[in-house]
Amino acid sequence: MSQNPLHIVGIGGTLRDQSTSRFALEHALRAARAAGASVELLDLRLYDLPMYEPDKELADYTPNVRQFIGAIANADGLLISTAAYHGTLAGVTKNALDYLEFLSDTEYLHNKPVGLIATAGGDQADVNSIAAMVHVVHSLRGTVLPLSVPIHNAGKVFDGVIPTGRTADRLAKLGALVVETAARFRPAPALA
Ligand SMILES: Cc1cc2nc3c(=O)[nH]c(=O)nc-3n(C[C@H](O)[C@H](O)[C@H](O)COP(=O)(O)O)c2cc1C
């Protein structure tokens with residue numbers, strides 16, 4: 001029996017037009033598509049999410065917020081890509097992840113593999129940002145993949161929108177790995 005393709009959702013980018021964290025995410029998503037998945041980019045610049053307010057119900061938010069949560073709920077695997085701001089993940093990313101509180105009734109990211117990407121201008125904050133996101137994903141019951149892609153000196157490793165060298169290779173591996181892992185997590189189809 002054939003199953004639908006695995007669906008991989010990417011969350012990320014900053015609000016910058018030329019966001020390197022979004023370019024990196026797009027590269028990993030292309031690799032996920034090449035590995036056979038359907039892919040979807042939740043570009044945080046386009047979603048324009050307001051600050052998460054715990055007193056509000058999901059119904060109180062605009063339709064783009066509901067669409068954002070629904071897309072994540074439907075994903076078989078996720079890729080999250082942030083910029084590093086002031087030594088850790090950018091607020092725009094953290095605010096987006098705070099909305100996953102709306103998935104508490106379905107155990108948040110349970111059974112979803114999650115690949116992590118971070119870009120930084122310097123040499124350290126990308127690694128810090130990955131570490132911070134590991135804590136977030138664990139608290140959301142997600143499974144962090146055993147490969148993540150911290151990108152130092154991000155301004156120097158992109159040729160336009162395309163990552164180069166080892167960064168490109170690692171992003172491609174991450175995109176393939178999230179698909180391979182999501183396939184292992186998917187329940188076997190019921191016998192006819
Ligand atoms: C407000 C702000 C704070 C930043 N803080 C750091 C930092 O602490 N360490 C660092 O290496 N880079 C820092 N950067 C540089 C960004 O991490 C870097 O430019 C990154 O590639 C931006 O991602 P983007 O291209 O997706 O916007 C900062 C940039 C901004 C705008």
Side-chain angles (χ1 to χ4, degrees), residues 8-34 37 39-53 64-65 67-69 71-72 75 77-100 109 112-140 142 144-145 147-178:
I8 304 300
V9 169
I11 305 167
T14 62
L15 307 190
R16 245 163 42 85
D17 195 36
Q18 297 294 306
S19 167
T20 52
S21 53
R22 187 175 64 254
F23 298 156
L25 178 59
E26 286 170 341
H27 195 75
L29 285 171
R30 282 192 290 274
R33 186 189 291 123
V39 302
E40 181 176 5
L41 171 64
L42 306 182
D43 177 347
L44 296 181
R45 183 184 50 156
L46 301 182
Y47 269 88
D48 196 21
L49 299 171
M51 288 301 289
Y52 168 72
E53 289 183 57
N64 68 322
V65 173
Q67 205 266 335
F68 180 78
I69 295 296
I72 294 168
L78 296 170
L79 293 167
I80 305 174
S81 182
T82 191
Y85 281 2
H86 304 142
T88 189
L89 77 164
V92 66
T93 317
K94 184 59 171 63
N95 183 51
L97 295 175
D98 288 345
Y99 277 96
L100 300 191
L109 302 181
K112 295 187 202 297
V114 183
L116 300 174
I117 303 164
T119 62
D123 291 324
Q124 180 62 46
D126 49 334
V127 178
N128 297 350
S129 301
I130 297 279
M133 290 195 292
V134 168
H135 292 299
V136 174
V137 173
H138 282 169
S139 81
L140 293 169
V144 178
L145 291 176
L147 171 72
S148 40
V149 188
I151 303 172
H152 315 314
N153 303 311
K156 296 186 183 152
V157 298
F158 288 82
D159 182 3
V161 303
I162 305 293
T164 58
R166 290 188 60 190
T167 300
D169 295 344
R170 283 176 68 90
L171 288 166
K173 274 189 191 151
L174 185 70
L177 183 62
V178 72

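The figures that follow rest on heavy atoms only: side chains count, while hydrogens, waters and symmetry mates do not. Just so you know, ligand 1 is whichever comes first in the structure, and atom 1 is the first atom listed for that ligand.
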Contact partition for A154 relative to ligand 1, non-hydrogen atoms under 4.0 Å: side chain
Do you see a donor-acceptor pair shorter than 3.5 Å between the side chains of T119 and T20? yes
Within the structure, does A83 bring an N/O atom to less than 3.5 angstrom of an N/O atom in ligand 1? no
Counting only heavy atoms, tell me which of A24, A118, A125, G121 gets closest to atom 15 (C) of ligand 1. G121
For ligand 1, find out whether one of its N or O atoms is nearer than 3.5 Å to an N or O atom of Y85. no
Minimum-distance pair of heavy atoms, taken over all atoms of T167 and P163: CG2-CB, 4.2 Å
So how far is it from L79 CG to L145 CG, rounded to the nearest 0.5 Å? 7.5 Å
Set out, in order, the CA-CA distance, both residues' side-chain angles and the distance that settles salt bridge (charged side-chain N to carboxylate O under 4.0 Å, His left out) for K94 and D98, then state yes or no. CA-CA 6 Å; K94 184 59 171 63; D98 288 345; 2.6 Å; yes
Does N95 reach the main-chain N or O of Y52 with its side chain, forming a donor-acceptor pair under 3.5 Å? yes
Give the numbers and elements of all ligand 1 atoms closer than 4.0 Å to a heavy atom of T14. 24 (P), 26 (O), 27 (O)
To which protein heavy atom is atom 13 (C) of ligand 1 closest, and what is the distance rounded to 0.1 Å? A84 O, 3.4 Å
Which part of H86 is near ligand 1, with near meaning a heavy atom under 4.0 Å away: side chain, backbone, both or neither? both
Give the residue, atom name and distance (to 0.1 Å) of the protein heavy atom nearest atom 8 (O) of ligand 1. G87 N, 2.9 Å
Is there a donor-acceptor pair closer than 3.5 Å between any side-chain N or O of S21 and the backbone N or O of A118? no
Report yes if some N/O of T20 lies less than 3.5 Å from some N/O of ligand 1; otherwise report no. yes
Pairwise salt bridge (Lys or Arg N to Asp or Glu O under 4.0 Å) hits with a residue in residues 11-21, at least two apart: D17-R45
Just need the protein heavy atom nearest to atom 20 (C) of ligand 1, so name the residue and atom and give the distance. T119 OG1, 3.6 Å
What residues form a side-chain contact (heavy atoms from CB on, under 4.5 Å) with V127, not counting sequence neighbours? Q124, P150, H152
Note the single closest protein heavy atom to atom 11 (O) of ligand 1, along with its residue, its atom name and the distance in Å. G122 N, 2.6 Å
Considering the heavy atoms of S19, write down every atom of ligand 1 situated less than 4.0 Å from one of them. 24 (P), 25 (O), 26 (O)
